[in-house]
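What follows is a single structure, written as structure tokens, with notes after it.
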There are 4 protein chains.
Amino acid sequence: MSQSTDPGVPVEGRRTGRPRSAAADRAILAATRAALVELGWSRLTLGDVASRAGVAKTTLYRRWPGKNELVVDALAELFDGLALPPDGGSLEADIVGVVLRFAALLERPEVRSALMALIAEGAYDAALRDRIRSAIVNRQKRLVLEGRARAVHRREIPPAPEPGPQADLIFDVIAGTVVHRALVSAEPVDETWASALAALVAAGLRG
Amino acid sequence: MSQSTDPGVPVEGRRTGRPRSAAADRAILAATRAALVELGWSRLTLGDVASRAGVAKTTLYRRWPGKNELVVDALAELFDGLALPPDGGSLEADIVGVVLRFAALLERPEVRSALMALIAEGAYDAALRDRIRSAIVNRQKRLVLEGRARAVHRREIPPAPEPGPQADLIFDVIAGTVVHRALVSAEPVDETWASALAALVAAGLRG
Amino acid sequence: MSQSTDPGVPVEGRRTGRPRSAAADRAILAATRAALVELGWSRLTLGDVASRAGVAKTTLYRRWPGKNELVVDALAELFDGLALPPDGGSLEADIVGVVLRFAALLERPEVRSALMALIAEGAYDAALRDRIRSAIVNRQKRLVLEGRARAVHRREIPPAPEPGPQADLIFDVIAGTVVHRALVSAEPVDETWASALAALVAAGLRG
Amino acid sequence: MSQSTDPGVPVEGRRTGRPRSAAADRAILAATRAALVELGWSRLTLGDVASRAGVAKTTLYRRWPGKNELVVDALAELFDGLALPPDGGSLEADIVGVVLRFAALLERPEVRSALMALIAEGAYDAALRDRIRSAIVNRQKRLVLEGRARAVHRREIPPAPEPGPQADLIFDVIAGTVVHRALVSAEPVDETWASALAALVAAGLRG
DNA sequence: TTCTAATCGAGACGGTACGTCACGTCTTTGC
DNA sequence: GCAAAGACGTGACGTACCGTCTCGATTAGAA
């Protein structure tokens, strides 16, 4: 699980006094996701999250520095569940599997509304960018790398030094294209479309 | 042309009364971009934009319903400047040209900070999504179609019914991948990377 | 009738050009009273008055310097109608008559809400105070003086130099008491109450 | 005691949380009076009061619903200081004493500018009228009743059932007349004028 | 009759204050 | 020392009116 307590507060040195409630953490992150679903990123407020979680605002600020970091952790719990689909038997089938899994996550309303907002905030906040990368993005990239390894093992494509620039390109192609389809073009990512994309990517990898 | 007056107010039928100042429009959009560069999306306030533009806040709200729509129009003026590069002699060269031009736009600080935020807002606001599509996105789609037509004319790829699903896919791939590289992965879009992407796309189109 | 065009604009020297519409004056003052009835002083806006009168805001400002002066003139038209009641045959009866007439005016909603507001504004605006005095207050004072003259003529009270301090006192007593009853105590000014007040004032005048 | 916290918020039942600052109450009411003196009623703004008091606008709105109620409480603190003068030895002398004390209050600039405005607002707001009555007006009524009791004790006037309609009338006469003299006629309330009023009222009470 | 100049409606304009909201901090009482 | 509660200073929000201005279109009297 991604660390849900703010790493800025050292666990060391706090020995006496009432310990922090672990239940509060779970309640806060769940309340954050619920509020995202109902309100979307820009209407979400920390006061609202606190009262949904049955927690005082102070408790919330004691654990996270702000809205950005809280939402990163709330989404990270969802991405923790990402796993590579079972081997589809071919490069194309594996790509289709990854694309559909990624799209399913992207189409959850809490993710739709929050993920791009976090990346936007990251444009002016390097620490946030790192937090996003380690908690969310890299978890997806792993799928791409693993799928590629399967294809090499099946001898569909030649082996390549990893992690190398080509793996990054493939990741940008798949993730970027799905995001663009789902959030900008706002059209469904179904099996037909995923197959077309997989064909294009596989051709590129082979050719 | 970017739609800088709020389309909700029909231009037809308003004959009397003091006309809106065209200079104010220009000043407001320029001030918006300047504020984006300095402050980024989340710290940008409409009051600040108004005072930068030497304009009253009410003037601003008379023309745009809010921050989202204002920033769409401010960015749209930048995208209006996009043009297809001269014929590069091959499909790959043309793709590289488009990608580099597009990336140059995406790396301007006002775009970096605002574009993802707009897409995030669009997740819960269909009207905004349409506005983004018509003012910004579709302007680039034209480039893809034209580049494809050149390739067909050069007999590099077979002709296809247009605009069809494949053109849309190519567009999502190129635009999405470049945006993801520039704004999510936050790594440079240089000629090497652009060539790799072009190779992948061209192979997909041919294969 | 109280002058309804702003005296600050000299009538001299304006010979050519389109003359001001007299109908507009009437419509504006009537609209002002109607708005006062509906909204009361503090919610009355000049823009609303203008649109009720079917007139542009400019027309309104061309004739009155502001809300205060406009309302003075609007109320003045009501006070123009004030007349002494027929001779009641005794000092008490005449006082009762004046009190009831004054109270009837004070209880009109447009007057209730606006008269005290104007006096409050007058506390910091000497020109307004004069305008109120000449257009409204003096019209009431005349009734008191005339009633007193009748009583002297009937030999109910001794003659006195006029206008003298006693007349002013009587005026303040009657007007002030009625206003206090109607607007502060917010209780009805009926014939019973008026008779009690008249008895007190008459006793004071005689003794 | 003037009710300086909004009575709509019950003091009962609030045990936890940071308590409201009592110093803020005092600072706000003092700042309100200072702003009234400088600016008068109509130019007084709550933002200005807040910054004079060194307090946030929200603190002000947390305690009072608006300008009207705030000013009532600010004036009420002044009227709290009213006390019956020492026994003057006669009904007339006592009336003169009360009238002069009351007039001295009315001639303070903060009261001059605000009291009539409040009464005007009260014309369309029954709750405000009640607040004015209980916080300001009734405090003076006490003086009238007490002065009357003294006169009865001195056997100057016959005893009467109290509080009865006559006491209310006397109160309306004295308070209304002094207010009208001071704020509408805008002429001084000096000993001469007060004596004349006292004579009239005393004659009315005796006759 | 034509000219001319002030009027008219409409509505945009730069301002100012409004009353509300969310922020992130603080100060209480109670565990 | 943590927790809930809620007041606090701050600053932006979006709205409402203010009083002024710029339009094109009348409208009467003067030339």
Side-chain angles (χ1 to χ4, degrees), chain A residues 14-21 24 42-51 53-67, chain B residues 9 14-21 23-24 42-48 50-51 53-67, chain C residues 9 13-21 23-24 43-51 53-67, chain D residues 9 14-21 23-24 43-51 53-67:
Chain A
R14 229 177 354 91
R15 208 131 324 189
T16 77
R18 179 169 172 177
R20 290 187 177 167
S21 155
S42 62
R43 279 185 293 270
L44 173 136
T45 71
L46 294 201
D48 181 52
V49 168
S51 74
V55 140
K57 248 193 321 173
T58 329
T59 299
L60 211 148
Y61 278 105
R62 214 174 279 122
R63 300 173 189 212
W64 287 275
K67 178 168 164 174
Chain B
V9 173
R14 204 163 34 76
R15 206 128 329 193
T16 73
R18 178 172 171 175
R20 290 191 177 167
S21 157
S42 63
R43 277 185 293 269
L44 175 138
T45 72
L46 294 202
D48 180 54
S51 71
V55 140
K57 228 182 352 161
T58 42
T59 297
L60 214 148
Y61 280 105
R62 211 173 282 122
R63 301 177 186 209
W64 288 276
K67 178 169 163 173
Chain C
V9 174
R14 221 173 7 87
R15 207 131 323 190
T16 77
R18 179 171 171 176
R20 289 187 179 166
S21 156
R43 279 184 292 268
L44 174 136
T45 71
L46 294 202
D48 180 53
V49 168
S51 74
V55 140
K57 244 191 328 171
T58 331
T59 299
L60 211 149
Y61 278 104
R62 213 175 279 122
R63 300 172 189 210
W64 287 276
K67 178 169 163 174
Chain D
V9 172
R14 205 162 32 75
R15 206 129 327 198
T16 73
R18 178 173 172 175
R20 289 190 178 168
S21 157
R43 277 184 293 268
L44 175 139
T45 71
L46 294 201
D48 181 53
V49 168
S51 73
V55 139
K57 230 185 348 165
T58 40
T59 297
L60 214 149
Y61 279 104
R62 211 174 282 121
R63 300 176 187 208
W64 287 276
K67 177 170 163 173

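All values reported here derive from a predicted model rather than from experimental measurement. Note on naming: letters A, B, ... go to the chains in the order of the sequence lines (proteins, then strands), and numbering restarts at 1 for each one. All values below come from the heavy atoms of this structure, side chains included, with hydrogens, waters and symmetry mates left out.
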Strictly distance-based, threshold 3.5 Å: is any side-chain N or O of D:Arg62 a donor or acceptor partner for the main-chain N or O of D:Arg20?
no
Between atom NZ in B:Lys67 and atom P in F:dG14, what is the gap in whole Å?
9 Å
Start at the 5' end of DNA chain E and walk down; is the nucleotide closest to C:Ser21 or to D:Gly66 reached first?
C:Ser21
Rounded to whole angstrom units, what separation is found between the CZ atom of D:Arg20 and the P atom of E:dC26?
21 Å
Heavy-atom nearest pair, C:Ala50 first then C:Ala56, reads CB-C, 4.1 Å
All heavy atoms of D:Leu60 vs all of D:Leu46, minimum pair found to be CD1-O, 3.8 Å
What is the distance, rounded to the nearest whole Å, between atom CG of A:Leu60 and atom P of F:dC2?
16 Å
Between C1' on E:dG9 and CZ on C:Arg63, what's the gap in Å once rounded to a whole number?
13 Å
Rounded to the nearest angstrom, tell me the gap between atom CZ in D:Arg43 and atom C1' in E:dC18.
18 Å
Separation of atom OH in A:Tyr61 from atom P in E:dC23, rounded to whole Å:
5 Å
Considering only heavy atoms and no angle criterion, is a donor-acceptor pair shorter than 3.5 Å present between the side chain of B:Arg18 and the base of E:dC13?
no
Nearest-nucleotide wise, let me know which of A:Gly54 and D:Ala24 is further upstream toward the 5' end of DNA chain F.
A:Gly54
Nearest-angstrom distance from the residue atom CH2 of B:Trp64 to C1' of E:dA12:
14 Å
Scanning both residues in full, the closest heavy-atom pair of C:Arg63 with C:Ala24 reads NH1-CB, 3.6 Å
Can you name the atoms? Protein N/O to nucleotides 10-12 of chain F N/O, anything below 3.5 Å, with the distance.
residue	atom	partner	partner atom	Å
F:dT10	O4	D:Thr58	OG1	3.4

Spacing of D:Arg62 atom CZ relative to F:dG6 atom C1', expressed in whole Å:
8 Å
Using C1' atoms of five pairs at each end, report the bend of the helix from E:dT1-F:dA31 to E:dC31-F:dG1 rounded to 10 degrees.
10°
